[in-house]
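Here the structure is a predicted model, which is why all the values come from computation and not from measurement. Read the numbers this way: they start at 1 and go in the same order the structure lists the ligands and their atoms.
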Amino acid sequence: MENSRLVALKKELREKGFDGYLVSRDVNIFYLTGFSGASGLFVPVDGENTLYVYGVNYEQAKDEAKNCEVVLVKRDEKLEEKISKRVKASKARKLGFDELSAAFYMKLRRLLRGQARLKQKSELVWELRKVKSSHELKLMRKAAEITSKGMQVAYETIKPGLTEIEVAAEIEYAMRKKGAWGTAFETIVASGVRSAYPHGGCSEKRIRKGDIIVVDIGATYRHYKSDMTRTFIAGKPSKKQQKILEITEKAQEQAFRRVKEGVRAKTLDGAARKVIEKAGYGEYFVHGLGHGVGLEVHEPPTLNPQSKEILKAGNVVTIEPGIYIPGFGGFRVEDTVLVHKEKGERITNFDF
Ligand code: CO
């Protein structure tokens, strides 16, 4: 029995006139087979799926991969030749794929000339991955819960004199103790003027009294990610700091309130952007409102002014407006939000 994801993919392929699909993005292969570390997956509309694995991961693949035949790619063999033979045997004429390097695509196209055409169709897998199952949501809630714990520890730890790295160490240790498999991305603890870099990372810089500190963290739990940001002030905030922080929070809330099935991603972005623009800080909101989260920390649907996405129940997205003033500091408030039919639900949560 194939899993429902493969059944759904094959149904889509059939409806769109494809005879098969080639998967090469590792996370997509994991999504379809439960195994991470293969070099390719061939999914014919009819017949058995084939997973291609080099020796280093072969034994693990045989133990873990589901719904496919695991084929060893020996060191003296060429992956593109193995795949093209399998495709020819399947008699597939039209093949979709998620992504291939330019070099690999050229080689495969040459080998399949006169046999099968290749067409990129990455959205076929993304459409499936965007809507989370109840099992996936269970894991995502756990990742979010661990992340929220990390944020609480950030709040309790931050004080003048500590370096950004020391704060990051406490956060990551707390998340590990709560069961994190790892961090979803490199922890950001960006203080002082560095907080104005949206991707500031963390450094040896010591936190000083009055610093703004942007903490952007995420835990991974059983392959699923989470993403959350809070902005703290070391000590009592100045009037200007307090004001901009409140604008950022209000922008996040205005977007969050509008979350439900059927809403346009750009409508949410616009709701947050309007708050920031009205307050006179529009030019400092230098990124989109958010992004999907799941097996990857940045995945579709994307929430920005150009987005054509319409949200569906089961989407999990971030809502993270920010205001970044060079030389002064940056502010961002972010939660991972689950889309329901009638509302949104913050699955990361921490108030201070
Ligand atoms: Co994010």
Side-chain angles (χ1 to χ4, degrees), residues 27 126 129-130 132 136-137 139-151 154 164 168 171-172 175 180-190 194-202 212-221 223-232 245 248-249 251-256 258-259 265-266 268-273 275-276 284-307 309 311 315-324 330-339 344-350:
V27 186
W126 282 122
R129 283 182 55 187
K130 277 195 287 193
K132 271 65 181 177
E136 289 181 293
L137 289 174
L139 305 182
M140 294 204 67
R141 283 181 191 281
K142 177 77 176 170
E145 186 192 312
I146 296 168
T147 305
S148 303
K149 174 68 187 172
M151 194 57 79
E164 295 169 356
I171 296 167
E172 291 180 13
M175 295 201 298
W181 281 27
T183 56
F185 52 89
E186 275 194 31
T187 298
I188 297 176
V189 178
R194 290 187 4 84
S195 62
Y197 306 143
H199 294 145
C202 57
I212 304 161
I213 305 117
V214 170
V215 177
D216 186 348
I217 59 174
T220 301
Y221 180 71
H223 302 278
Y224 284 86
K225 319 278 188 202
S226 185
D227 196 359
M228 178 182 200
T229 307
R230 289 292 182 274
T231 302
F232 303 104
L245 188 54
T248 313
E249 284 167 351
Q252 203 230 20
E253 180 62 26
Q254 286 301 320
F256 171 73
R258 287 168 172 78
V259 174
K266 68 176 178 190
L268 299 182
D269 181 287
R273 207 165 291 279
V275 172
I276 293 172
Y284 301 115
F285 182 9
V286 293
H287 54 69
L289 180 69
H291 50 85
V293 188
L295 288 168
E296 292 173 66
V297 74
H298 292 122
E299 57 176 54
T302 299
L303 284 64
N304 65 27
Q306 286 79 40
S307 177
E309 299 272 4
L311 296 191
N315 290 160
V316 178
V317 299
T318 67
I319 299 191
E320 49 176 311
I323 297 173
Y324 311 91
F331 301 79
R332 179 166 66 254
V333 177
E334 172 184 32
D335 283 298
T336 301
V337 172
L338 166 60
V339 181
E345 178 196 355
R346 288 183 172 92
I347 60 170
T348 53
N349 227 323
F350 175 66

Heavy-atom side-chain contact between Arg129 and Glu299 under 4.5 Å: yes
Residue of the set Met140, His223, Lys132 for which side-chain contact (heavy atoms from CB on, under 4.5 Å) holds with Leu295: His223
Flag side-chain contact, heavy atom, 4.5 Å: Asp335 against Ile319: no
NE2 (His291) to the Co ion (ligand 1) to OD2 (Asp227) angle, given to the nearest 10 degrees: 90°
Charged N-O contact under 4.0 Å between Asp269 and Arg258: no
Which N, O or S atom of Glu320 lies nearest to the Co ion (ligand 1), by name: OE2
Residue Glu334 atom name (nearest to the Co ion (ligand 1); N/O/S): OE2
